[in-house]
A.B. asks: 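First the structure, then my questions, so here it is.
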Amino acid sequence: IELLRRRILFGANASGKTSFIESVSFARNFVVNGQKRGRKIEINQFKENTVSKGKNSLFQFTFMLKNRIFDYGFSVDNEKVCEEWLQAVIKSKYVPIFERITNENNQTMIDIKEPNFFENDFEIANI
């Protein structure tokens, strides 16, 4: 897999460049710092329209770690993390490692699909 060392983001005025950067920054801070229990999630819903009104904000990233490709994502509203997942991409197939889903009654279910996934291939302390 070839990866770009440089990237550029361009587009017309008011086309969403700043919103894109802000959303990536939000996702990074949310993953790294988390959210304190009982506090609202300060997510900017950006421009609402009839399609996006009332829907969750979704963030999804594909990344490479120690020559393995992973897909990580989560969706949030102003109250909670609604979904979260981590998948490994192996031979062009997505292999779920874990999934977390919070239903409308605020009950969270975590399904660890591959509990020993990292034991053989990675040193957890070095991740």
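Note: hydrogens, waters and symmetry copies are ignored here, and every other heavy atom, side chains too, is used.
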A.B. asks: Below 4.5 Å, heavy atoms only, C-beta onward: do L9 and I21 meet side chain to side chain?
C.D. replies: yes
A.B. asks: Rest of the hydrophobic cluster containing L58 (Ile/Leu/Val/Met/Phe/Trp/Tyr, side-chain heavy atoms under 4.5 Å)?
C.D. replies: W85
A.B. asks: What's the spacing between I101 CD1 and Q107 CD if we round to 0.5 Å?
C.D. replies: 13.0 Å
A.B. asks: For this output row, return yes or no: ring centroids of F63 and F70 closer than 6.0 angstrom.
C.D. replies: yes
A.B. asks: At their closest point, which heavy atom of T102 faces which heavy atom of V81, and how far apart are they?
C.D. replies: OG1-O, 3.1 Å
A.B. asks: Taking salt bridge (Lys or Arg N to Asp or Glu O under 4.0 Å) as the cut-off, I'd like each qualifying pair that reaches into residues 8-21, sequence neighbours left out, listed once.
C.D. replies: none
A.B. asks: Can you name the side-chain contact (heavy atoms from CB on, under 4.5 Å) partners of N13, sequence neighbours left out?
C.D. replies: none
A.B. asks: Taking C-beta and beyond as the side chain, do D77 and C82 meet within less than 4.5 Å on heavy atoms?
C.D. replies: yes
A.B. asks: Under 4.5 Å between any side-chain heavy atoms of R100 and T108, yes or no?
C.D. replies: yes
A.B. asks: Just say parallel, tilted or perpendicular for the rings of F74 and Y72, cut-offs at 30° and 60°.
C.D. replies: tilted
A.B. asks: Looking at side-chain heavy atoms only, is the closest gap between D111 and F98 below 4.5 Å?
C.D. replies: no
A.B. asks: Check step by step if side chain to side chain contact (heavy atoms under 4.5 Å, CB included) holds for F59 and V31.
C.D. replies: CA-CA 11 Å; F59 301 88; V31 169; over 6 Å; no
A.B. asks: Which value, rounded to the nearest 0.5 Å, describes the distance between Q87 atom CD and E99 atom CD?
C.D. replies: 7.0 Å
A.B. asks: Could you tell me whether the side chain of T62 reaches within less than 4.5 Å of the side chain of I69, counting heavy atoms only?
C.D. replies: yes
A.B. asks: Within this structure, what is the OG-CZ distance for the pair S25 and F20, rounded to the nearest 0.5 Å?
C.D. replies: 11.5 Å
A.B. asks: Just verifying a value: how many Å separate I41 CD1 and R39 CZ, rounded to the nearest 0.5 Å?
C.D. replies: 11.0 Å
A.B. asks: Can you pull the salt bridge (Lys or Arg N to Asp or Glu O under 4.0 Å) pairs that have at least one residue in residues 25-36, sequence neighbours excluded?
C.D. replies: none
A.B. asks: So do K113 and I97 actually touch side chain to side chain, heavy atoms under 4.5 Å?
C.D. replies: no
A.B. asks: Are F61 and V95 joined in one hydrophobic group, where the rule is that I, L, V, M, F, W and Y side chains link up if heavy atoms are under 4.5 Å apart?
C.D. replies: yes
A.B. asks: Taking side chain to side chain donor-acceptor pair (under 3.5 Å) as the definition, give me every residue that meets it alongside N105, ordered by chain and number, with sequence neighbours left out.
C.D. replies: none
A.B. asks: Say whether, by atom type as modelled, one donor and one acceptor occur between the side chain of S15 and the main chain of A12 under 3.5 angstrom.
C.D. replies: yes
A.B. asks: Who are the salt bridge (Lys or Arg N to Asp or Glu O under 4.0 Å) partners of E79, not counting sequence neighbours?
C.D. replies: K40
A.B. asks: Find the distance between CG (L86) and CD1 (I112) and round it off to the nearest 0.5 Å.
C.D. replies: 11.0 Å
